[in-house]
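This report refers to the structure that appears directly beneath it.
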Amino acid sequence: YECMIIAALNPHCFTLQLKQDAIEFDKFQREINEFYNEINDKQYFVTPEQIRINLCVICADPKSSDNDKIWNRSQILDFDLNDNTVNLFYVDLGTWEEYVPINRLRYLIDSFHRHLVFSLTCRLAHISPLNDNKDNITWPNDATDQFLAVIDQALPEIELLSFGKDGCFQDRKSTRLNSSHIT
(Lines give C-alpha, C1' and ligand atoms only; values in the text may rest on other atoms or scores of the structure.)
Protein backbone atom coordinates (compact mmCIF):
# COMPACT_ATOMS: atom_id res chain seq x y z
CA TYR A 1 0.00 0.00 0.00
CA GLU A 2 1.21 3.51 -0.73
CA CYS A 3 1.33 5.61 2.40
CA MET A 4 2.42 8.92 3.86
CA ILE A 5 4.59 9.16 6.97
CA ILE A 6 2.84 11.69 9.21
CA ALA A 7 5.10 11.46 12.26
CA ALA A 8 8.39 9.73 12.98
CA LEU A 9 10.40 9.36 16.16
CA ASN A 10 12.77 6.59 15.04
CA PRO A 11 12.69 3.33 13.01
CA HIS A 12 10.76 1.61 15.83
CA CYS A 13 8.14 4.32 16.24
CA PHE A 14 6.59 6.14 13.34
CA THR A 15 3.07 6.80 12.19
CA LEU A 16 1.64 6.62 8.71
CA GLN A 17 -1.60 7.07 6.87
CA LEU A 18 -2.57 4.97 3.89
CA LYS A 19 -2.74 7.11 0.76
CA GLN A 20 -6.13 5.59 -0.08
CA ASP A 21 -7.54 7.08 3.17
CA ALA A 22 -6.27 10.65 2.67
CA ILE A 23 -9.41 12.05 1.02
CA GLU A 24 -11.71 10.42 3.57
CA PHE A 25 -9.55 11.74 6.43
CA ASP A 26 -9.70 15.30 5.03
CA LYS A 27 -13.50 15.07 4.78
CA PHE A 28 -13.77 13.65 8.30
CA GLN A 29 -11.48 16.36 9.67
CA ARG A 30 -13.60 19.07 8.01
CA GLU A 31 -16.74 17.61 9.64
CA ILE A 32 -15.11 17.62 13.08
CA ASN A 33 -13.85 21.20 12.68
CA GLU A 34 -17.22 22.48 11.43
CA PHE A 35 -19.10 20.83 14.30
CA TYR A 36 -16.82 21.99 17.13
CA ASN A 37 -16.29 25.49 15.67
CA GLU A 38 -20.05 26.06 15.33
CA ILE A 39 -21.07 24.72 18.72
CA ASN A 40 -19.75 26.35 21.86
CA ASP A 41 -22.14 24.70 24.29
CA LYS A 42 -20.79 24.25 27.81
CA GLN A 43 -22.15 20.68 27.85
CA TYR A 44 -19.16 19.69 25.68
CA PHE A 45 -16.56 21.20 28.02
CA VAL A 46 -14.53 18.69 30.04
CA THR A 47 -14.19 19.47 33.75
CA PRO A 48 -11.30 18.39 36.02
CA GLU A 49 -13.61 15.96 37.84
CA GLN A 50 -14.36 14.14 34.58
CA ILE A 51 -10.72 13.61 33.53
CA ARG A 52 -9.48 10.02 33.56
CA ILE A 53 -6.75 8.03 31.83
CA ASN A 54 -7.75 6.68 28.39
CA LEU A 55 -10.71 9.07 28.07
CA CYS A 56 -11.17 9.96 24.41
CA VAL A 57 -11.69 13.67 23.82
CA ILE A 58 -11.33 16.29 21.12
CA CYS A 59 -8.59 18.88 21.53
CA ALA A 60 -8.12 22.29 19.94
CA ASP A 61 -4.77 22.93 18.29
CA PRO A 62 -3.16 25.89 20.11
CA LYS A 63 -1.69 27.19 16.83
CA SER A 64 -5.11 27.57 15.21
CA SER A 65 -7.10 30.80 15.38
CA ASP A 66 -9.93 31.29 17.87
CA ASN A 67 -12.47 31.69 15.06
CA ASP A 68 -11.28 28.72 13.01
CA LYS A 69 -9.87 26.13 15.40
CA ILE A 70 -8.45 22.83 14.27
CA TRP A 71 -9.72 19.95 16.39
CA ASN A 72 -8.06 16.55 16.79
CA ARG A 73 -9.33 13.32 18.29
CA SER A 74 -7.21 12.49 21.33
CA GLN A 75 -6.77 10.03 24.14
CA ILE A 76 -5.73 11.12 27.61
CA LEU A 77 -2.52 9.34 28.63
CA ASP A 78 -1.99 11.07 31.97
CA PHE A 79 -3.25 14.08 33.90
CA ASP A 80 -2.23 16.47 36.63
CA LEU A 81 -5.19 17.90 38.52
CA ASN A 82 -2.93 20.32 40.44
CA ASP A 83 -2.32 22.37 37.30
CA ASN A 84 -5.34 21.14 35.27
CA THR A 85 -3.30 19.70 32.41
CA VAL A 86 -3.30 16.40 30.53
CA ASN A 87 -0.87 14.50 28.34
CA LEU A 88 -2.54 13.48 25.08
CA PHE A 89 -2.06 11.10 22.19
CA TYR A 90 -3.54 12.43 18.94
CA VAL A 91 -4.96 9.21 17.52
CA ASP A 92 -5.30 10.30 13.88
CA LEU A 93 -1.92 12.03 13.82
CA GLY A 94 0.13 9.52 15.78
CA THR A 95 1.71 12.25 17.90
CA TRP A 96 1.43 13.30 21.51
CA GLU A 97 1.51 16.51 23.49
CA GLU A 98 2.25 17.14 27.15
CA TYR A 99 0.82 19.70 29.57
CA VAL A 100 -2.32 20.48 27.58
CA PRO A 101 -4.66 22.75 29.56
CA ILE A 102 -8.06 21.12 29.97
CA ASN A 103 -9.80 24.23 28.63
CA ARG A 104 -8.68 23.05 25.16
CA LEU A 105 -10.63 19.78 25.56
CA ARG A 106 -14.20 18.95 24.59
CA TYR A 107 -16.20 15.75 24.77
CA LEU A 108 -15.94 13.64 21.68
CA ILE A 109 -19.45 13.01 20.40
CA ASP A 110 -20.33 9.41 19.67
CA SER A 111 -20.46 9.67 15.87
CA PHE A 112 -16.87 10.99 15.80
CA HIS A 113 -15.74 8.56 18.49
CA ARG A 114 -16.95 5.48 16.58
CA HIS A 115 -15.15 6.40 13.35
CA LEU A 116 -12.05 4.36 12.50
CA VAL A 117 -8.65 5.81 13.31
CA PHE A 118 -6.80 7.07 10.23
CA SER A 119 -3.25 6.36 11.33
CA LEU A 120 -1.12 3.29 11.89
CA THR A 121 1.74 3.36 14.37
CA CYS A 122 4.51 1.19 12.95
CA ARG A 123 8.01 -0.11 13.31
CA LEU A 124 10.42 -1.57 10.82
CA ALA A 125 10.15 -5.36 10.74
CA HIS A 126 13.18 -7.46 11.64
CA ILE A 127 15.44 -4.47 12.30
CA SER A 128 16.69 -3.55 15.76
CA PRO A 129 19.30 -1.09 17.01
CA LEU A 130 22.65 -2.39 18.07
CA ASN A 131 22.68 -2.29 21.87
CA ASP A 132 23.24 -4.70 24.73
CA ASN A 133 20.09 -3.89 26.67
CA LYS A 134 17.27 -5.93 25.09
CA ASP A 135 14.68 -4.32 27.39
CA ASN A 136 15.38 -0.76 26.26
CA ILE A 137 15.33 -0.23 22.50
CA THR A 138 17.23 2.96 21.72
CA TRP A 139 18.41 4.23 18.38
CA PRO A 140 21.55 6.34 17.91
CA ASN A 141 20.87 9.81 16.53
CA ASP A 142 22.72 9.15 13.27
CA ALA A 143 20.60 6.03 12.54
CA THR A 144 17.40 7.95 13.25
CA ASP A 145 18.57 10.90 11.11
CA GLN A 146 19.35 8.56 8.22
CA PHE A 147 15.96 6.82 8.57
CA LEU A 148 14.17 10.19 8.53
CA ALA A 149 16.16 11.31 5.47
CA VAL A 150 15.26 8.14 3.56
CA ILE A 151 11.52 8.31 4.29
CA ASP A 152 11.49 12.01 3.42
CA GLN A 153 12.77 11.37 -0.12
CA ALA A 154 10.11 9.04 -1.50
CA LEU A 155 6.50 7.98 -1.12
CA PRO A 156 6.85 4.87 1.05
CA GLU A 157 4.95 1.65 0.57
CA ILE A 158 3.80 -0.55 3.42
CA GLU A 159 3.56 -4.31 3.51
CA LEU A 160 1.45 -5.73 6.32
CA LEU A 161 3.02 -8.99 7.44
CA SER A 162 -0.20 -10.72 8.48
CA PHE A 163 -3.73 -10.24 9.79
CA GLY A 164 -5.59 -12.19 12.44
CA LYS A 165 -9.14 -13.45 11.95
CA ASP A 166 -10.35 -10.39 13.85
CA GLY A 167 -8.63 -8.02 11.41
CA CYS A 168 -5.85 -7.03 13.84
CA PHE A 169 -2.25 -7.04 12.70
CA GLN A 170 -0.20 -10.01 13.86
CA ASP A 171 3.53 -10.62 14.06
CA ARG A 172 5.18 -13.89 13.02
CA LYS A 173 4.47 -15.43 16.44
CA SER A 174 0.76 -14.55 16.09
CA THR A 175 0.88 -12.20 19.06
CA ARG A 176 -1.83 -9.58 18.83
CA LEU A 177 -0.43 -6.10 18.21
CA ASN A 178 -1.89 -2.62 18.26
CA SER A 179 0.43 -1.52 15.50
CA SER A 180 1.56 -2.74 12.12
CA HIS A 181 4.95 -3.72 10.82
CA ILE A 182 6.45 -2.32 7.67
CA THR A 183 9.29 -3.46 5.53
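The shown structure was predicted, so the numbers you read here are calculated from the model rather than taken from an experiment.
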For R106, give me all partners under salt bridge (Lys or Arg N to Asp or Glu O under 4.0 Å), at least two apart in sequence or on another chain.
none
Contacts of D92 that satisfy salt bridge (Lys or Arg N to Asp or Glu O under 4.0 Å) - sequence neighbours left out:
R73
How many angstroms lie between [atom1] in [X] and [atom2] in [Y], if you round to the nearest 0.5 Å?
{"X": "N84", "Y": "I51", "atom1": "CG", "atom2": "CD1", "result": "8.0 Å"}
{"X": "E24", "Y": "L18", "atom1": "CD", "atom2": "CG", "result": "11.0 Å"}
{"X": "I151", "Y": "I5", "atom1": "CD1", "atom2": "CD1", "result": "4.5 Å"}
{"X": "I32", "Y": "N37", "atom1": "CD1", "atom2": "CG", "result": "11.0 Å"}
{"X": "I53", "Y": "L77", "atom1": "CD1", "atom2": "CG", "result": "8.5 Å"}

Check the pair N72 / L93 against side chain to side chain contact (heavy atoms under 4.5 Å, CB included), numbers first and verdict last.
CA-CA 8 Å; N72 293 294; L93 303 177; 3.6 Å; yes
Please name all residues satisfying ring pair (Phe, Tyr, Trp, His ring centres under 6.0 Å) with F118, sequence neighbours left out, ordered by chain then number.
F25, F28, H115
Hydrophobic cluster (4.5 angstrom, side-chain heavy atoms) - remaining members for V150:
none
Are [X] and [Y] linked, directly or through other ILVMFWY residues, by side chains that come within less than 4.5 angstrom of each other?
{"X": "F45", "Y": "F112", "answer": "no"}
{"X": "V91", "Y": "L88", "answer": "no"}
{"X": "Y44", "Y": "I70", "answer": "no"}
{"X": "L81", "Y": "L55", "answer": "yes"}
{"X": "V117", "Y": "L108", "answer": "no"}

Do [X] and [Y] make a side-chain contact, defined as non-hydrogen atoms from C-beta onward lying under 4.5 Å apart?
{"X": "I58", "Y": "L105", "answer": "no"}
{"X": "V86", "Y": "D78", "answer": "no"}
{"X": "Q75", "Y": "N54", "answer": "yes"}
{"X": "V100", "Y": "C59", "answer": "yes"}

Verdict with supporting geometry, V57 and I76, side chain to side chain contact (heavy atoms under 4.5 Å, CB included):
CA-CA 8 Å; V57 294; I76 296 174; 4.3 Å; yes
Report the C-alpha distance between Q50 and Y107 in whole Å, list the side-chain angles of each, state the deciding distance to 0.1 Å, and finish with yes or no for side-chain hydrogen bond (donor to acceptor under 3.5 Å, both in side chains).
CA-CA 10 Å; Q50 298 162 324; Y107 278 106; 2.8 Å; yes
Strictly by side-chain hydrogen bond (donor to acceptor under 3.5 Å, both in side chains), give each pair with a member in residues 141-155 just once, sequence neighbours left out.
none
Donor-acceptor pair, side chain of [X] and main chain of [Y], under 3.5 angstrom:
{"X": "R123", "Y": "C13", "answer": "no"}
{"X": "S64", "Y": "K69", "answer": "no"}
{"X": "T121", "Y": "S119", "answer": "no"}

Could you walk me through whether N87 and E97 pass side-chain hydrogen bond (donor to acceptor under 3.5 Å, both in side chains), step by step?
CA-CA 6 Å; N87 297 337; E97 184 178 358; over 6 Å; no
Distance-minimising heavy-atom pair for N82 and D80
N-OD1, 2.9 Å
Step by step, work out the side chain to side chain contact (heavy atoms under 4.5 Å, CB included) result for T85 and I102.
CA-CA 6 Å; T85 62; I102 64 167; 6.0 Å; no
Quick test of your reading: applying ring-ring contact (aromatic ring centres under 6.0 Å, His included), list the pairs with at least one residue in residues 54-103, sequence neighbours left out, ordered by first then second residue.
Y36-W71
Could you tell me whether R30 and D26 have a side-chain N and a carboxylate O separated by less than 4.0 Å?
no
Does E157 come within less than 4.0 Å of K19, counting only side-chain N to carboxylate O?
no
Is it true that F14 and F147 have ring centroids separated by less than 6.0 Å?
yes
Before giving the answer on side chain to side chain contact (heavy atoms under 4.5 Å, CB included), spell out for L16 and C122 the whole-Å C-alpha distance, their side-chain angles and the decisive distance to 0.1 Å.
CA-CA 7 Å; L16 58 85; C122 304; 3.5 Å; yes
